[in-house]
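Take a look at the structure below.
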There are 2 protein chains.
Amino acid sequence: MKTTALEPPSINTKRQYDREALSAYLKRSQVKVDQFLDDWLPKKEEGLLYEAMRYSLFAGGKRLRPILCLAAFEAPTGATNGQLPLVAVEMRASLRQSVLSLASSIELIHTYSLVHDDLPAMDNDDLRRGLPTNHKRYGEGVAILVGDALLTAAFTLMAEQGRNTVSSERVMEAIFELSSAAGMNGMVLGQLIDLQSEEKKKLDLNQLETIHRNKTGALITASVRIGGILGEATDDQLKRLTEYGQKVGLAFQIADDLLDVLGDKTALGKSVGQDEIKDKWTYPRLMGIEKASEMAHQCVVAALAALEPFGAEADPLRWIACYTIDRRN
Amino acid sequence: MKTTALEPPSINTKRQYDREALSAYLKRSQVKVDQFLDDWLPKKEEGLLYEAMRYSLFAGGKRLRPILCLAAFEAPTGATNGQLPLVAVEMRASLRQSVLSLASSIELIHTYSLVHDDLPAMDNDDLRRGLPTNHKRYGEGVAILVGDALLTAAFTLMAEQGRNTVSSERVMEAIFELSSAAGMNGMVLGQLIDLQSEEKKKLDLNQLETIHRNKTGALITASVRIGGILGEATDDQLKRLTEYGQKVGLAFQIADDLLDVLGDKTALGKSVGQDEIKDKWTYPRLMGIEKASEMAHQCVVAALAALEPFGAEADPLRWIACYTIDRRN
């Protein structure tokens, strides 16, 4: 089942887009993130707040952002662990634990944004991933607090890690990246412009791109960058990872819009055609299905090109780029 | 004009509660924090989000939490700057700039909590410091986003500082303290219990203390602790500062409740008797005015006792303790 009207591009002559390897990689990484968050958060029996936080956090998210972070962490190495001296292997194992914490904290931020975006004063959604939204289940007051708690918890988790890790400077960079991407010059700004745009009769492509660059693109790009920073990427590598993140973020958004038109209700876990019903401005609406598909395809091509100098360690990132336009939900 | 039925306690035989010195200290510190935040935040002309953030941030707050942080930073030194070697003076000046950033970030957190608490789904307040609340002025959707943006900005500001400061480990500690106090085991939890308690017919003193310890106490205590951590307090000093913060936080809350009964509308900038109208459980309601006054007084006595081994550098902290029960708003 294709999302867009086009097949994913081939990676290059040496590497192939391996759907099976990707599927196993996604599953494995998702389990790691879920397990970590489940261990880290207070149990739901400990109080309503924790129950309500867990309700939205464990509602079946794909964990795309943490997985991008984990994948980007591995990309700059250029050597498998077996070839490293023992001390480096140990340091890397410790770093890998750090990156799992930090990657998981990104999911806390992502989930908070969904809970707040669904509120009646925002997008006013009743369903999310086939379940009642947080405020439908727990009431509006609790849902606002759940979002606040998830957002704040992300920074507790990061700082906790920063106190123990081998490089607190890099963790500090990660906190800076994440809060910048999530806040008043990133995700929150994007949501505000989106909120304001609802009053407008027509949005142009530029305005739509501004919304998505901030609302979804910034956090996806930050996820990749944080992985790269913790993986000790060089300046050039980090620049390339940033380019990759921006293109994948845009491809992901366009594909989301296309799924709302072309997708399958059961696979999506939500009704299709919602954007049209809600009179939302989307890429297919502004450009047509064919051109929007072509644009998503071009983004994936550009994302793959940005990764050109990286070795086999970057293959999961490559597969994820292809996957953004090759998914059912 | 006294808040409580009792005079503030005398500090000890050597030191006096100096209302004039305190007033000058509060004013000077408030100007510093306001100036810093005004410089740091995007201007209101740059967009609605920034305008709405500034609307609540510059609505005349006392900056008590940042000031406690600044004062606690000075407390452990035990030597005036003039007696330190030059390199230590320079380091201290750099640290002082750091502590101003971190102290100011606490005010961003405090303001976010006020904006969200005022929302219709929470306390549903129309007025704050004599002005329409954020959602009354900008609408509910914007107010939710303003809170989210202020909360997130606090961590950007801290991390930005952590990248430059002489001790990124201590800044990391500060981020941990602040996010822990503000989040699911602190302020947000307190607000949730408060929200739930509205359905209850009667609250006992224990339950009221749990709410306030989390809802207001945790952030006040963290403010003092962060100052102490950055001021390189010893373990014993930090323990004492923590005790001070807890007692001052409680005294402050009881005094707030008393002001609502005994206070003057003009000085307060809001109507008196609101707690009774809203059927809120308060210390005077549960204990009577006299016993609540006595309890606030005892908290101040205990806060002063905790500071006993500190020198003159801790005088602003001492004065602030007395001021909590000796104020008009």
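For the numbers below, each heavy atom of this structure counts, side chains included, while hydrogens, waters and symmetry mates do not. Just so it is clear: chains get the letters A, B, ... in the order the sequence lines come, proteins before strands, and each one is counted from 1.
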message: Given Leu150(B), which partner from the list Thr111(B), Leu114(B), Ile109(B) fulfils the side chain to side chain contact (heavy atoms under 4.5 Å, CB included) test?
response: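 Result: among Thr111(B), Leu114(B), Ile109(B), Thr111(B) is the only option passing the side chain to side chain contact (heavy atoms under 4.5 Å, CB included) with Leu150(B).
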task: With Val146(B) as reference, evaluate Leu57(B), Leu151(B), Asn134(B) under the side chain to side chain contact (heavy atoms under 4.5 Å, CB included) test and give the passing residue.
output: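 Option passing the side chain to side chain contact (heavy atoms under 4.5 Å, CB included) with Val146(B): Asn134(B).
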Does some side-chain heavy atom of [Y] sit less than 4.5 Å from a side-chain heavy atom of [X]?
X: Met184(A); Y: Thr152(B); value: no
X: Pro66(A); Y: Arg63(A); value: yes
X: Glu160(A); Y: Phe155(A); value: no
X: Lys215(A); Y: Asp117(A); value: yes
X: Thr242(A); Y: Gln237(A); value: no

Leu189(A), part contacting chain B, at a heavy-atom distance under 4.5 Å: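 For Leu189(A), heavy atoms of backbone and side chain both lie under 4.5 Å from chain B.
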So which of [options] has the largest heavy-atom pair count under 4.5 angstrom toward chain B?
options: Gly141(A), Ala153(A), Pro42(A); answer: Gly141(A)
options: Asp148(A), Ile175(A), Leu192(A); answer: Asp148(A)
options: Asn185(A), Ile193(A), Leu178(A); answer: Asn185(A)

- request: Sort out for me which of Glu140(B), His116(B), Met172(B) touches chain A most, counting heavy-atom pairs under 4.5 Å.
  value: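 Looking at each option in turn, the highest pair count goes to Met172(B).
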- request: Find the one option among Ala121(B), Pro120(B), Ser180(B), Ser179(B) whose heavy-atom pairs under 4.5 Å with chain A are most numerous.
  value: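 Highest number of pairs under 4.5 Å: Ser179(B).
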message: Only heavy atoms, only distances under 4.5 angstrom. Which residues in residues 48-55 of chain A are near chain B?
response: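 The residues closer than 4.5 Å to chain B, in numerical order, are Leu48(A), Leu49(A), Tyr50(A), Met53(A).
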- request: Report, by ascending residue number, the residues of residues 222-230 of chain A in heavy-atom contact with chain B at a distance under 4.5 Å; give 'none' if the set is empty.
  value: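 Near chain B, by residue number: none.
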field: Minimum-distance pair of heavy atoms, taken over all atoms of Phe36(A) and Ser104(A)
entry: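 Closest approach of Phe36(A) to Ser104(A), heavy atoms only: CD2-OG, 3.4 Å.
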- prompt: By a 4.5 Å heavy-atom criterion (distance strictly below it), what part of Leu145(B) contacts chain A: side chain, backbone, both, or neither?
  reply: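 It is both, since atoms from each part get that close.
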- prompt: Quick one: what part of Glu177(B) sits under 4.5 Å from any heavy atom of chain A, side chain, backbone, both or neither?
  reply: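 When you check distances to chain A, no heavy atom of Glu177(B) falls under 4.5 Å.
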query: Counting distance only, does the side-chain N/O of Lys43(A) pair as donor-acceptor with the main-chain N or O of Asp38(A) below 3.5 Å?
result: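 Such a contact is found between Lys43(A) side chain and Asp38(A) backbone.
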message: Would the distance check show the side chain of Thr133(B) and the main-chain N or O of Asp125(B) forming a donor-acceptor pair, the cut-off being under 3.5 Å?
response: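 Side chain of Thr133(B) to backbone of Asp125(B): a pair is present.
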query: Do Gln161(A) and Ser98(A) get their side chains close enough for a donor-acceptor pair, meaning under 3.5 Å?
result: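 Yes, Ser98(A) and Gln161(A) have a side-chain donor paired with an acceptor closer than 3.5 Å.
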message: Would you say that more than 12 heavy atoms from the other residues, nucleotides or ligands in this model lie under 6.0 Å from the CG of Asp39(A), or not?
response: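 Enclosed: over 12 neighbouring heavy atoms sit under 6.0 Å from CG of Asp39(A).
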task: Determine whether more than 12 heavy atoms belonging to other residues, nucleotides or ligands lie under 6.0 Å from atom CG of Asp236(B).
output: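 Yes, because the 6.0 Å sphere around CG of Asp236(B) holds more than 12 heavy atoms from other groups.
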